[in-house]
Protein chains: 2
Amino acid sequence: MRRKSATLSAASFRDEEIRQGIELMFFAYRDFTADPDRILAPLGMGRAHHRTVHFIGRNPGMTVGDLLNILRITKQSLNRVLSQLMREGYVEQRPGATDRRERRLFLTSAGQSLEQRLSEPQRARVGAAYREAGPAAVSAFRRVLAGLINPDDRERFTASGPRLSGPRRLR
Amino acid sequence: MRRKSATLSAASFRDEEIRQGIELMFFAYRDFTADPDRILAPLGMGRAHHRTVHFIGRNPGMTVGDLLNILRITKQSLNRVLSQLMREGYVEQRPGATDRRERRLFLTSAGQSLEQRLSEPQRARVGAAYREAGPAAVSAFRRVLAGLINPDDRERFTASGPRLSGPRRLR
DNA sequence: GATATATGTCAACACTACTGACATAATTAC
DNA sequence: GTAATTATGTCAGTAGTGTTGACATATATC
């Protein structure tokens with residue numbers, strides 16, 4: 001064995017490096033989500049609303065089931081968020097053309113504005129980090145981040161995998 | 001202006017790249033946290049317990065205030081988690097040597113075991129992604145991730161900044 | 001027509017976080 | 001040395017997100 005189970009004793013350099021990576025993920029995600037959270041709070045919404053609006057914006061016409069597969073939450077959890085977004089005019093649904101049980105989801109123009117507003121600080125943050133690191137680093141960043149994702153969804157970020165921007169086709 | 005506010009119309013390649021980075025963060029964090037969550041649930045604990053145990057393990061002797069600065073939650077929120085961890089024997093506190101108002105925090109051996117158990121799947125995941133991407137990519141990954149962190153805490157991950165592994169010295 | 005699928009909904013519960021208020025002990029300032 | 005400040009704890013109420021379990025409707029499919 002090469003290391004891998006440094007029980008409790010001296011941590012190898014590798015182990016320390018990996019633990020720093022874990023910490024980096026915590027700090028980055030903490031700050032990455034803080035800005036939109038501040039925008040959402042006065043609207044009576046939370047992070048779940050942001051995620052919902054984000055994915056519907058990226059995949060217009062996606063179904064409720066698609067969203068459940070992405071978010072990995074129960075339909076009861078999603079429903080609370082989604083019905084609020086529809087009630088307040090950010091999201092609308094239309095029955096599927098071929099399968100009329102489906103509810104295809106779309107952002108209204110208010111929903112598009114909200115999405116822009118929420119993502120703006122995140123885009124600024126990511127954009128700044130990208131610019132500072134340069135294109136080669138960004139490419140490496142994306143490869144490592146994709147490597148952290150379970151194989152199923154990792155495909156979304158590889159050239160061969162299914163695109164997610166189209167009006168369907170998500171798993 | 002160079003782009004930066006692609007209002008609602010055609011997204012530039014840059015904007016698309018940035019939005020993919022945002023999504024990557026969502027998926028990576030979702031899967032990154034799922035494994036320890038599954039271990040925590042049957043113990044009647046959650047993600048907050050994991051973070052607490054993680055940071056105390058990395059910084060033995062840190063104070064409650066240090067932890068509050070890192071986690072960026074209120075003391076009331078932390079207290080619930082911390083007192084449970086102490087009540088159940090994972091964490092212990094000792095008054096500070098010079099300032100006896102402080103409660104220096106330490107993992108018990110049960111706490112160290114728990115920390116190991118919780119971090120194991122994360123270390124495996126990060127380790128696998130690191131190995132697959134290679135050292136140069138890892139370095140770039142860390143630079144970009146650090147770039148996402150607010151300047152205050154970014155220092156923790158730069159050569160010049162204060163170390164966090166010592167028995168104190170965290171802001 | 002029977003079964004399966006996509007979705008909605010009611011209810012109860014757990015975890016995490018927040019605000020506001022108040023309390024104690026120890027340190028620092030005047 | 002008394003007053004103010006700091007580090008920490010704690011009670012109470014509220015909000016957002018997620019869960020499980022149960023049940024309902026509409027539409028497809030066999």
Side-chain angles (χ1 to χ4, degrees), chain A residues 26 29-30 33-34 36-53 56 61-88 91-105 118 168 170-171, chain B residues 26 29-30 33-34 36-53 61-88 91-105 168 170-171:
Chain A
F26 164 73
Y29 201 76
R30 181 198 66 178
T33 50
D37 283 353
R38 272 190 289 274
I39 299 172
L40 290 157
L43 298 176
M45 296 194 260
R47 218 169 272 186
H49 299 82
H50 184 189
R51 293 196 280 249
T52 300
V53 161
I56 297 176
M62 76 190 306
T63 66
V64 172
D66 292 332
L67 208 39
L68 289 174
N69 284 331
I70 286 178
L71 300 176
R72 296 253 219 274
I73 57 177
T74 60
K75 69 178 175 190
Q76 295 93 322
S77 290
L78 176 59
N79 193 261
R80 197 178 6 209
V81 167
L82 197 50
S83 44
Q84 182 184 350
L85 287 169
M86 291 191 292
R87 194 181 336 116
E88 298 178 1
V91 168
E92 60 182 20
Q93 57 179 29
R94 304 201 276 269
T98 63
D99 186 338
R100 294 193 346 256
R101 291 172 304 181
E102 295 173 343
R103 311 294 170 94
R104 299 306 192 110
L105 302 170
L118 291 174
R168 194 70 204 295
L170 6 176
R171 18 180 340 144
Chain B
F26 163 74
Y29 202 75
R30 181 199 65 178
T33 49
D37 283 354
R38 272 190 289 273
I39 299 172
L40 290 156
L43 298 175
M45 296 195 257
R47 217 170 274 186
H49 299 82
H50 184 189
R51 294 196 281 250
T52 301
V53 161
M62 76 190 306
T63 67
V64 172
D66 291 334
L67 208 39
L68 289 173
N69 284 331
I70 286 178
L71 299 176
R72 296 253 219 275
I73 58 176
T74 59
K75 70 178 173 191
Q76 295 92 323
S77 291
L78 176 59
N79 192 261
R80 182 164 357 112
V81 167
L82 197 50
S83 44
Q84 183 184 348
L85 286 169
M86 291 190 294
R87 193 180 339 114
E88 298 179 0
V91 169
E92 60 182 20
Q93 55 178 30
R94 303 202 275 270
T98 64
D99 186 339
R100 292 186 355 253
R101 292 171 304 179
E102 296 172 343
R103 312 293 171 94
R104 300 306 192 110
L105 302 171
R168 193 68 205 296
L170 8 174
R171 13 181 343 144

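Proteins get letters first, then strands, A, B, ... in listed order; numbering begins at 1 in each.
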Worksheet, complete the sentence: A/Leu68 CG to D/dG18 C1', in whole Å, measures 13 Å
Worksheet entry | Polar side-chain atom of A/Arg100 near backbone of A/Ala97 as donor-acceptor pair, under 3.5 Å | no
Item to complete: Please work out if A/Thr98 contacts a base, only the sugar-phosphate, or nothing of the nucleic acid, heavy-atom cut-off 4.0 Å.
Response: sugar-phosphate
Worksheet item: To the nearest angstrom, how far is B/Leu67 atom CG from C/dA17 atom P?
Response: 11 Å
Worksheet entry | A/Lys75, nearest nucleotide to its side chain (from C/dT7, D/dT8, C/dA6) | C/dT7
Discussion item. Would A/Thr63 and A/Asp66 count as a side-chain contact (heavy atoms from CB on, under 4.5 Å) here? Give the steps.
Written reply: CA-CA 5 Å; A/Thr63 66; A/Asp66 292 332; 3.2 Å; yes
Worksheet item: Want to settle it: does A/Ser83 or A/Asp99 sit nearer the 5' end of DNA chain C, counting the closest nucleotide to each?
Response: A/Asp99
Worksheet item: Can you check the A/Gln84 CD to C/dT9 C1' distance for me, whole Å?
Response: 16 Å
Discussion item. Does D/dG18 have its OP1 or OP2 closer than 4.0 Å to a side-chain nitrogen or oxygen of A/Thr74?
Written reply: no
Item to complete: Between A/Arg103 and A/Leu71, just flag the one whose closest nucleotide in DNA chain D comes earlier from the 5' side.
Response: A/Leu71
Fill in: Nearest-Å distance for atom pair CZ/P, residues A/Arg47 and D/dG18
10 Å
Practice prompt. Give B/Gly44 one of three labels, base, sugar-phosphate or nothing, depending on what nucleic acid heavy atoms sit under 4.0 Å from its own.
Written response: sugar-phosphate
Worksheet entry | Under 3.5 Å donor-acceptor pair, B/Gln76 side-chain atoms to C/dG20 base atoms | yes
Practice prompt. Identify, with sequence neighbours excluded, every residue that meets side-chain hydrogen bond (donor to acceptor under 3.5 Å, both in side chains) alongside B/Arg101.
Written response: B/Asp99
Discussion item. Taking donor-acceptor contacts at under 3.5 Å, does the side chain of A/Arg80 reach the base of D/dG16?
Written reply: no
Worksheet item: Would you say B/Gln84's side chain and B/His49's backbone share a donor-acceptor pair under 3.5 angstrom?
Response: no
Fill in: Heavy-atom side-chain proximity of A/Phe26 to B/Leu71 below 4.5 angstrom
yes
Worksheet entry | Value in whole Å for how far the P atom of D/dG16 lies from CE of A/Met45 | 10 Å
Discussion item. Categorize B/His49 for me: base, sugar-phosphate, or nothing, with a 4.0 angstrom heavy-atom threshold over every strand shown.
Written reply: sugar-phosphate
Worksheet entry | side-chain N/O A/Ser77 vs D/dT19 OP1/OP2, d < 4.0 Å | yes
Worksheet item: Is A/Arg101 side chain donor-acceptor paired with the C/dT5 base, going by distance under 3.5 Å alone?
Response: yes
Worksheet, complete the sentence: A/Arg100 atom CZ is separated from C/dA4 atom P, nearest whole Å, by 22 Å
Discussion item. Without decimals, in angstroms, what is the distance between A/Met86 CE and C/dT7 P?
Written reply: 11 Å
Worksheet item: Quick one: which of C/dC18, D/dG18, D/dA7 gets closest to the side chain of A/Ile73?
Response: D/dG18
Practice prompt. Report the distance from atom CG of A/Asn79 to atom P of D/dC23, rounded to the nearest whole Å.
Written response: 19 Å
Practice prompt. From the options C/dT16, D/dT17, C/dG8, select the nucleotide whose nearest atom is closest to the side chain of A/Ala48.
Written response: D/dT17
Practice prompt. Could you go through the side-chain contact (heavy atoms from CB on, under 4.5 Å) check for A/Met62 and A/Ile70 one step at a time?
Written response: CA-CA 11 Å; A/Met62 76 190 306; A/Ile70 286 178; 3.8 Å; yes
